[in-house]
Amino acid sequence: MSNYEDNLAIEKKWQEIWEREQLARVDTSDPAVKGTYLLVMLPYPSGDRLHVGHARTYFLTDALHRFLRQRGQNVFCPMGWDAFGLPAENYAIQKGIHPRTSTLANIAAMKEQFRAWGVLYDWSKEVTTCEPEYYRWNQWFFLKMLEKGLAVRKKASVNWCPSCETVLANEQAEGGTCERCKSPVTQRELEQWFLKITDYADSLLEGLDGLEKWPEKVRTMQRNWIGRSVGADLDFVVPALGETVRVFTTRPDTVFGVTALILAPEHPLVPRLLAGHPDRAALEAWVRSVRSQDRIARESETAEKDGRFTGFTARHPFTGAEVPVWIANFVIADYGTAALMAVPGHDTRDHEFCTKYGLPIVEVVKRPASADPAIACWTGEGTMVNSGPYDGVPSAEAGEAIALAAEEKGLGGAKVRFRLRDWLISRQRYWGTPIPMIHCEKDGWVPVPEKDLPVILPPDAPFTGKGGNPLDKVESFLRAACPRCGGPGRRETDTMDTFVDSSWYFIRYLDPKNADRPFDPSIAARWAPVNQYIGGIEHAILHLLYARFFVRVIKSLGLVSFDEPFAALFNQGMITRRSPGGRVEKMSKSRGNAVSLDPLIAEKGADAVRAYVLFLGPPEKETEWNDDGIAGPERFLYRVRGTVEGFLSSGADPRRDPADPAAAAARRRHIAVRKVTAAFEAFSFHTAVAHLMEFSRHAAELCGDPGAEAGEKAATLRTLVALLHPVAPHLSEEMHQRLGGTRSLLLEGWPAFDPSLAEEETVAFAVQVSGKLRGQVVLRRDAGEEELVRAALADETISRWVTGKERVKTVFVPGRLLNLVVR
RNA sequence: GCCGGAGUGGCGGAACUGGCAGACGCAGGGGACUUAAAAUCCCCAGCCCCGCAAGGGGAGUGAGGGUUCAAAUCCCUCCUCCGGCACCA
């Protein structure tokens, strides 16, 4: 009846029809057209073949896309390419192939894959971020941020590989060694461009409360990442230098317990503190060694606390006592003020440090009587002691009073600080958006005028992997006249972090060819924000946070009127599979457990693979791939096809309507529509497939029954193929056509159901005796309590549990259950 | 350590708002078709006990306790696994 070649021919046929008829195309520029914006995270065009672990997002999104279209919604679902990035550049270094060449080839290959999967996008809105038409607007946004003081240049410590002579992203320096050459990573101070995302810290935090259609998990992760802390700034004067060291503390109440002041090795005062020290050379060497340590290793909680006394003391802002000034490795340079007050009595880290170096420990918060006296360092609240005027006051109250007192003395005051750091966008890389700045000896950093955008990435650059950024060696790019004075200038060769590209691409999709502006605000007003965003949890923090920041900036430029880019977010779970080692792990090429997609599709067809991937399990959870499991969905699709073909070969008219709209078989049909619809609405694709399988069994049985009514048979099959479309689009279209359909199912409308018919007429009521199931009684759905009790007692297997006992209570749940409680 | 999430048959998983645990599949067993196999179709099937059988009974959703007529679902304590963050003053 059917074979794989035939399946593939059918799939190819419909892929061509969808493409030719441009069924996914939306005219976003037409003010009369409205709809739903469905977005899937744009992929990086990698050279590796995609495996089934990757495909889940796209199948999921496509099923939803088709479902919404069938329900009559005008869905905008675009696709594009996150085309800049390190892998292409590394490939150029290894193979000598230009990043642009490999990237464009990868894009073409992936596009071909998407086509073969039968996923539907509005390709007329395609965006490729490595094209000047796109990245010129990255540059434009950068200039706007510069004007607003949101793009700034400042020093930062970065991961540096001395062998590759390049900076590394944190994830490329994991474990303290370079991902590529395995040599130890050091830290370097470099002048870098930053975007001041911290200016929006409060807004980004508060905005999370309104994102009710985001997973709670992601919102929590972002909250922790932003890390708002309420406390106080306090000033300690170092009299010998005439300088003030400001510290931030979340526990101003413990200020009377301070026994040391500790600075990060990066603290600006450190050079002066060490300048006159008798052991200066050794101390400076120590500071250098700490600073060059890998940040991840240094900031790990398990790292040994290491410090040095500077020989200086600072004056306590409240007691006036002399407090020793130390430098220590565990004080983080870019959090707070890079300095802290050590309260060893009430902070475990300070306790560890002060114990190690023999510094005094003072108790200033009396723990409540209920607290465990064995705990050496009480970090909770309590009553103040040894704190002068604050003795006897509850610690929380004392904290506020002390912050206020500090403010009155001009020595600090209440303060809110964030863990969130500014976004470092400079990359010493070729394959990215050039930062549109020119350095002039006379005028310093001067922005490239808007009219001169885009600053084009020069096509030829030497990819040696040595000597840092290839752009540094492209003379024609480097040399540029200062836009201000016309004198000789040197172009910035750093390029932008690729997260810039993905921070606003979803708005560009709406108006991708606009040459005058990043997008037309009136189009954005109609279509943005995105109604439903789908992607991996791995982007829970950075990408989503940066995009939320960008949209706030874009709003401040008056181009959009909303704050949040993504109204609803869905994160699909990973697909796992047993590795050669026997462990169940995330599917990936490097773990050796990937199932490649293209051969599987070539063998089973895209529909079967789609149906199986959707059937695997709840889409938001991780789920295990089983190589044999695909047989189930395959048989299911085969059965659907066989049933339709069998029906047609009998010569029956597929367009007929049922003779009896309320017949038992019609009820089965209405029930199926109700269940499948509800499952799709709930993103429960796996149960939708399960319901479809059940319905297909019913359809096969009905059509195989010569006595069954032909109109109902036809209606059942028409319904089945329509409901099947989001799961198996090719087969459903083909069957729909053979059943007399004249246009795509995408245009035909979703089957309706009559609620009054979408229930079985009779119900098998569960009958319990004292909570234990003792039997079932089949009655009408709307049977009452008395009727059910009578029927239950008439049933011998049930009644023998009741006779001779006293009935103390009867619980009746309409349409479901009866519980006779006896004693 | 902190913050999320999860633990249900041999396996993936289902179960509305507390109301018949195991839907739908995989793997398994039996049968039909076939010279045979594959494919396909039909039937059986979570576990333990009693019974030749029809059938009957029991325990059971990570462990222990609780609330309730009724708990996978709610509450308490604990264990395990996965993900994220991790010296943030």
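Naming: A, B, ... by sequence-line order, numbering from 1 per chain.
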From [options], pick the nucleotide closest to the side chain of [X]?
| X | options | result |
| --- | --- | --- |
| W801(A) | G57(B), C24(B), G12(B) | G57(B) |
| A690(A) | A89(B), A23(B), G19(B) | A23(B) |
| M693(A) | A14(B), C85(B), C24(B) | C24(B) |
| I541(A) | C24(B), A89(B), G84(B) | G84(B) |
| Y335(A) | C69(B), A89(B), G25(B) | A89(B) |

Using both distances under 3.5 Å as the test, list the Watson-Crick or G-U wobble partner of [N], or none.
| N | answer |
| --- | --- |
| G25(B) | C11(B) |
| G1(B) | C85(B) |
| C20(B) | none |
| A6(B) | U80(B) |
| A39(B) | none |
| A54(B) | none |
| U68(B) | none |

Between [M] and [N], how far apart are the [atom1] atoms? Round to whole Å, please.
| N | M | atom1 | result |
| --- | --- | --- | --- |
| G19(B) | U77(B) | P | 25 Å |
| G7(B) | A14(B) | P | 9 Å |
| A63(B) | G10(B) | P | 14 Å |
| G65(B) | G13(B) | P | 29 Å |
| A72(B) | G60(B) | C1' | 11 Å |
| G46(B) | C20(B) | C1' | 16 Å |

Checklist entry - Does the ring of F353(A) carry K305(A) above it, NZ/CZ under 6.0 angstrom from centre and within 45° of its axis? => result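 Geometry flag: not set, cation outside 6.0 Å or 45°.
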
Checklist entry - Between T198(A) and D422(A), is any side-chain donor less than 3.5 angstrom from a side-chain acceptor? => result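 Yes, D422(A) and T198(A) have a side-chain donor paired with an acceptor closer than 3.5 Å.
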
Item to check | Under 3.5 Å side-chain donor-acceptor pair for S395(A) and E381(A) | outcome: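 Their side chains do not contain a donor-acceptor pair, so the 3.5 Å distance test is not met.
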
Item to check | base_contact_polar (C82(B) base, E622(A) side chain, donor-acceptor, <3.5 Å) | outcome: no

Next on the checklist: Counting distance alone, no hydrogens or angles: does the base of C3(B) have a donor or acceptor under 3.5 Å from a partner atom on the side chain of K217(A)?
Outcome noted: no

Which part of the nucleic acid, if any, lies within reach of [X] when heavy atoms closer than 4.0 Å are counted: base, sugar-phosphate only, or nothing?
| X | result |
| --- | --- |
| A540(A) | nothing |
| V808(A) | nothing |
| T810(A) | nothing |
| D628(A) | sugar-phosphate |

Item to check | Close side-chain approach of Q222(A) and L545(A), heavy atoms under 4.5 Å | outcome: yes

Checklist entry - 5'-most contact on RNA chain B: V813(A) or T687(A), nearest heavy atom basis? => result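 Looking at RNA chain B, the more 5' nearest nucleotide goes with T687(A).
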
Next on the checklist: Quick check: on RNA chain B, is the nucleotide nearest L616(A) upstream (toward 5') of the one nearest P633(A), or the reverse? Name the residue that is more 5'.
Outcome noted: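 In this pair, the answer is L616(A).
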
Side-chain N,O ([X]) to OP1/OP2 ([N]) below 4.0 Å:
| X | N | value |
| --- | --- | --- |
| R635(A) | A27(B) | yes |
| R774(A) | C69(B) | no |
| R800(A) | G57(B) | yes |
| H691(A) | A23(B) | no |
| R697(A) | G25(B) | yes |

Checklist outcome for this item: From the list F685(A), W625(A), F59(A), ring-ring contact (aromatic ring centres under 6.0 Å, His included) with Y612(A) holds only for W625(A)

Checklist entry - What are the two closest non-hydrogen atoms of G399(A) and P252(A), and how far apart are they? => result O-CG, 3.6 Å

Checklist entry - So, for W423(A) and F499(A), is the gap between ring centers shorter than 6.0 Å? => result no

Checklist outcome for this item: Its glycosidic angle compared against 90° from 0, G9(B) adopts the form syn

